[in-house]
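A short write-up of the structure that comes next.
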Number of protein chains: 2
Amino acid sequence: MSMKAKITQASVLLFEEKGFSDTSIQDIVEAIGVTKGTFYYYFNSKEQLLMEIHLEYISDLLKRQQTILEKDHLSGREKLEAIIALLIHDIQNNGPSGRVFFREMRHLVEQNVDTIETQRDLFRLNIEQLITDSIEAGEFRQDLRADIVAFGVLGITNYSYNWFNPKGKMSADELIELFSSLLLEGIIPR
Amino acid sequence: MSMKAKITQASVLLFEEKGFSDTSIQDIVEAIGVTKGTFYYYFNSKEQLLMEIHLEYISDLLKRQQTILEKDHLSGREKLEAIIALLIHDIQNNGPSGRVFFREMRHLVEQNVDTIETQRDLFRLNIEQLITDSIEAGEFRQDLRADIVAFGVLGITNYSYNWFNPKGKMSADELIELFSSLLLEGIIPR
DNA sequence: TCCTTTATACTAACCGGTTGGTATGTTATA
DNA sequence: TATAACATACCAACCGGTTAGTATAAAGGA
């Protein structure tokens, strides 16, 4: 693994554990056995490192969301389930990055916040569009508000980053099935 | 308002805006025009201040949840809707405190984290129990897992702290109705 | 009632320690 | 030998917390 990737990986773990502000660059370089000179050879600032972590996280999610949305043979329901699965599986593979993404965005400079928020909003608006289309197609309830449903889906999945342990008794696939069933079928018996 | 209350209020707003670690005690006392000595007259440490903010927030929510659960004439559905309303309305009244609660708990010392987590878990387990009872009573779907539904309800509502603006076009009451409908009836038409 | 004591509510000044960042020096590799 | 990849040493600024001291008010005794 390249030194830059080592620095990034160690940073994510430390940022997750202690937060961005309480993690010093000294902490980061000590974790991988180098010195501050090395850090500033690869990054111009602590903030730039945080920005790269954010960009990597959200652009990866957007790319994978896009491949789901392009699968025209899938129904709206199947696409929605696939996006839920994308996010829940991501806890397993990218949990630390996700938690840093949700918690530490405020420490980016304003321009970078704008960039990240635009991409984050795009992910949400893609879900909203999927729901709008499915409502129009008659597959989803006519009286739903697509924006609120999108926020609901994201709320359920993103909150899981805070409690779901993929190594626990319940597997990611079970959780995906349960959340999909809850959202699609509702709590009240049919 | 007492000086201690002033300090707490100013702190919540600053913690929300800049985060706990990036808010210095100097920032807090400057916001209300006193000096650091005043701060340490009322608090033993910055951490103690954070703990009091946390305690006030969660104990208030628990108390109000309890009054809902005690209303025996309400159905499970009505109780669940009342708890959703409790949390959404709280964004309006206690948004800053809520965001500080969700984001800054890690900065408490271990013993205090335990205390807060126990109360936070109690809030969730109360919802879980309500759902378990309603499933057994046949009011809710038999194939639901109460724990997952509780996490789902909390995910949807707590995530709203991050995006819902009570002063925007949509009112809190509208949002409560939309979320209740989504969770209870589901996305797929009946 | 007067005077002493004590409590309250602060202020100003300071301390040891840490921070992000920089300037410069050294080493390995191609 | 030139450049990439580091290490070393350092700085000015800032941090949470402490301390000594002060003005005002309340309480208590002769």
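The sequence lines fix the lettering, A, B, ..., with proteins before strands; numbering per chain opens at 1. It should be emphasised that the depicted structure is a prediction, and the values quoted were computed from it without experimental measurement.
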Give [X] one of three labels, base, sugar-phosphate or nothing, depending on what nucleic acid heavy atoms sit under 4.0 Å from its own.
X	value
B:Thr38	base
A:Thr23	sugar-phosphate
A:Ser24	sugar-phosphate
A:Ser2	nothing

Whole-Å gap separating [atom2] ([N]) and [atom1] ([X]):
X	N	atom1	atom2	answer
A:Leu14	C:dG20	CG	C1'	16 Å
A:Glu30	D:dA7	CD	C1'	14 Å
A:Glu47	C:dG21	CD	C1'	14 Å
A:Ile25	C:dT19	CD1	P	10 Å
B:Lys4	C:dC10	NZ	C1'	16 Å
B:Ile7	C:dC10	CD1	C1'	11 Å
A:Gln26	C:dT18	CD	P	11 Å
A:Phe43	C:dT22	CZ	C1'	18 Å

Query raised in the report: Does B:Lys4 make a cation-pi contact with B:Phe43, if we ask for NZ or CZ under 6.0 Å from the ring centre and within 45° of the axis?
Result: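 The answer is yes; both the distance and angle limits are met.
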Between [options], which nucleotide gets closest to the side-chain atoms of [X]?
X	options	answer
B:Tyr40	C:dG21, D:dG16, D:dT8	D:dG16
A:Tyr42	C:dG21, D:dA5, C:dC10	D:dA5
A:Tyr41	C:dG21, D:dA4, D:dT8	D:dA4
A:Lys46	C:dG20, D:dG17, C:dC10	C:dG20

**Report entry** B:Thr35 vs A:Asp22, nearer the 5' end of DNA chain C by closest nucleotide
**Finding:**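 Comparing both residues, the 5'-ward one is B:Thr35.
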Query raised in the report: Of A:Phe39 and B:Val34, whose closest DNA chain C nucleotide lies nearer the 5' terminus?
Result: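 Of the two residues, B:Val34 wins.
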Report task. Determine, using ring centers only, whether A:Phe102 and A:Tyr161 are less than 6.0 Å apart. Result ->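 Yes, they do, as the ring centres are separated by less than 6.0 Å.
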Query raised in the report: Quick check, are the ring centers of B:Phe20 and B:Phe15 under 6.0 angstrom apart?
Result: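 So the answer is yes for these two rings.
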Query raised in the report: Does atom CD of B:Gln111 have more than 12 heavy-atom neighbours from other groups under 6.0 Å away?
Result: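 12 or below, so no.
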Query raised in the report: Without hydrogens or angle criteria, can the side chains of A:Ser181 and B:Arg141 be said to hold a donor-acceptor pair below 3.5 Å?
Result: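 Present: a donor and an acceptor within the cut-off.
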Query raised in the report: Do A:Lys36 side-chain and C:dG20 base share a donor-acceptor contact under 3.5 Å?
Result: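 Indeed, a donor on one side and an acceptor on the other fall under 3.5 Å apart.
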